[in-house]
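The figures that follow rest on heavy atoms only: side chains count, while hydrogens, waters and symmetry mates do not.
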Amino acid sequence: MTTEQPIPAKPTPAEPTPAEPAAAKPTPAKPTPAEPAAAIPAVDPRLLVREAGIAGYLAEFKQKMKNGDLGSVPVVLGLILIAAIFQGFTGDFLNADNITHITQWIAGPGLIAVGIVFVLLLGEIDLSLGSVAGASAAIAAVLSARSGYNEWLSCLVAVAVAVAIGALHGFFFAKIGVPAFVVTLAGLLAWSGLQEYVLGDKGTVNVVHDGVLANLDNYFLGDGDIAYAWGLAVLGIALFAVGQVLDARRRTAAGLAARPVSEIALRTGVLAVVALTAAYMLNQDRGLPLPVLVFLSVVVVTDFVLRRTSYGRQIFAVGGGVEAARRAGINVAWVRISVFMISAGMAALGGLFYASQQGSADKILGGGNVLMNSIAAAVIGGTSLFGGRGKTWSALLGILVIQSITTGLDMVHVDQAIQYMITGAVLLAAVVLDSVSRRTRKTAAR
């Protein structure tokens, strides 16, 4: 008979008596939520960059390049490379008369490219702008030369018709929901037909001799007067410097990061070198071409609209994300319609300059590679095809690249077919660079 051995009970930890819990297991006091915020004040990263001086800016520039935020650097380097190559081949690519020739021919496609920048910021495309340019030039030439209306009024009517066309495109896209590609492709065909209908059987209408349209391709207030180029350069430098100082004061008063005086002086100095050099080169030939003045004025005004107004911020917001913009209270439909109105108006201005340069409006004006060159100028200049990134200065830089290539190839007597292939290759390289930069920014969580 076996006897069961008692199983020893497991020792249980002694429970503290109610009188001694604090002494037995002290617990640290939890910090209040207000303490971390008070210990780590928020600092604007731009202040840290500017406090570091030149080293800070170099570090920021390297970081931007690493993250794929290339900006206008590839375009500027490309322009320098193009100039160096063609100067080496021809020996007179950088002569004053050739520089003047390049600047005179950039206004037409450049103005169309400015309108394309607005459309690309939405992540859309407008294929009708070449036809709109041709139809607008035809309307202005027929009203002034054939019907005898005032030339200024004829030009205003032509631009107004183009703006109405843009509103129609925007309505079908924003309100009906037809893709912009389809709407503007239909417009390309329709407005080409309108252009031929307005011109009639002859197909060509010469502009009024020594009239408004004929003088658009002339020189500002006379040929050979060097005062206007110097005056515009000095005025632009002064306005830029004053604007930078006032902006810095406004931001400082609001407690925001502002550019120091040294940075403002550096930026103004760089602009002065570029502007005064351009004025000197133009004055070595015949002075300031009117197309350059008009084109630069349009670029400056549209850049101000995009960067300094609430409407411009709405365009970037819609291009960055339609649903997010709608939830933020932005009238997405109106922004879209107005952008297509702006692009068509810019196309009309470009068409008027084309008519001035060739002395007539005809059935082929706005056809050929006009649209492709304008789109290429916007993309090559740095405007993203995916929307939300770009600026109107892209149109200026891009069209300078294209016109420099075209002029240089003409000087070395390269066949036009080869020119098309080279321009296409440059466009493809710009799109590839944009895609790679966009992927890099995603990887860097920008």
Side-chain angles (χ1 to χ4, degrees), residues 105 107-116 118-119 125-173 178 180-209 211-214 216-217 291 294 340-377 399:
W105 281 93
L111 288 168
I112 300 175
V114 170
I116 289 175
F118 277 80
V119 178
I125 193 66
D126 191 338
L127 300 178
S128 68
L129 295 183
S131 298
V132 172
S136 302
I139 291 172
V142 167
L143 288 178
S144 59
R146 282 188 181 172
S147 301
Y149 287 98
N150 178 273
E151 274 201 276
W152 284 108
L153 178 61
S154 300
C155 294
L156 289 176
V157 170
V159 174
V161 170
V163 171
I165 289 173
L168 184 64
H169 292 167
F171 172 79
F172 279 106
F173 169 56
V178 183
F181 178 88
V182 177
V183 172
T184 57
L185 180 60
L188 183 152
L189 300 174
W191 311 130
S192 293
L194 175 64
Q195 179 181 357
E196 292 192 19
Y197 177 79
V198 170
L199 290 171
D201 297 334
K202 292 184 178 180
T204 301
V205 176
N206 294 327
V207 300
V208 177
H209 177 68
V212 174
L213 276 176
L216 284 180
D217 193 38
V294 174
F340 278 91
M341 293 168 65
I342 291 172
S343 66
M346 290 294 105
L349 290 177
L352 296 181
F353 275 95
Y354 270 114
S356 175
Q357 287 165 349
Q358 65 185 34
S360 64
D362 54 32
K363 292 182 179 180
I364 64 173
L365 193 155
N369 62 342
V370 169
L371 176 64
M372 291 300 102
N373 278 350
S374 301
I375 295 176
I399 199 60

Problem - Stepwise side chain to side chain contact (heavy atoms under 4.5 Å, CB included) test for Leu199 and Thr204 - result: CA-CA 6 Å; Leu199 290 171; Thr204 301; over 6 Å; no
Problem - Side-chain heavy atoms of Thr184 within contact of Leu188, under 4.5 Å - result: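 Sidechains of Leu188 and Thr184: no contact.
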Problem - Any donor-acceptor N/O pair, Glu151 side chain to Leu213 backbone, under 3.5 Å - result: yes
Handout entry: Side-chain donor/acceptor of Ser356 to backbone N/O of Asp217, under 3.5 Å
Key =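 Judged by distance alone, yes, a pair lies under 3.5 Å.
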Without placing hydrogens or testing angles, list every side-chain donor-acceptor pair under 3.5 Å for residues 359-369, not counting sequence neighbours.
{"residue": "Asp362", "atom": "OD1", "partner": "Ile364", "partner atom": "N", "Å": "3.2"}
{"residue": "Asp362", "atom": "OD1", "partner": "Leu365", "partner atom": "N", "Å": "2.9"}
{"residue": "Asp362", "atom": "OD2", "partner": "Gln358", "partner atom": "NE2", "Å": "3.2"}

Heavy atoms only: give me the nearest [X]-[Y] pair and the separation to one decimal.
X	Y	result
Ser343	Asp126	OG-OD2, 3.4 Å
Ala180	Phe173	N-CD1, 3.6 Å
Ala347	Ala133	O-CB, 3.3 Å

Exercise for the section: Tell me, please, which residues at least two apart from Phe118 pass ring-ring contact (aromatic ring centres under 6.0 Å, His included). Expected result: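 Phe118 satisfies ring-ring contact (aromatic ring centres under 6.0 Å, His included) with no other residue.
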Practice task
Can you label the angle between the Phe340 ring and the His169 ring as parallel, tilted or perpendicular, going by 30° and 60°?
Solution key: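 Rings of Phe340 and His169: perpendicular, as their planes differ by over 60°.
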Practice task
Evaluate side chain to side chain contact (heavy atoms under 4.5 Å, CB included) for Tyr149 paired with Ser144, printing each intermediate quantity in order.
Solution key: CA-CA 5 Å; Tyr149 287 98; Ser144 59; 5.8 Å; no
Between side-chain atoms of residues 159-167 and protein atoms elsewhere (two or more places apart, or another chain), which donor-acceptor pairs fall under 3.5 Å?
none

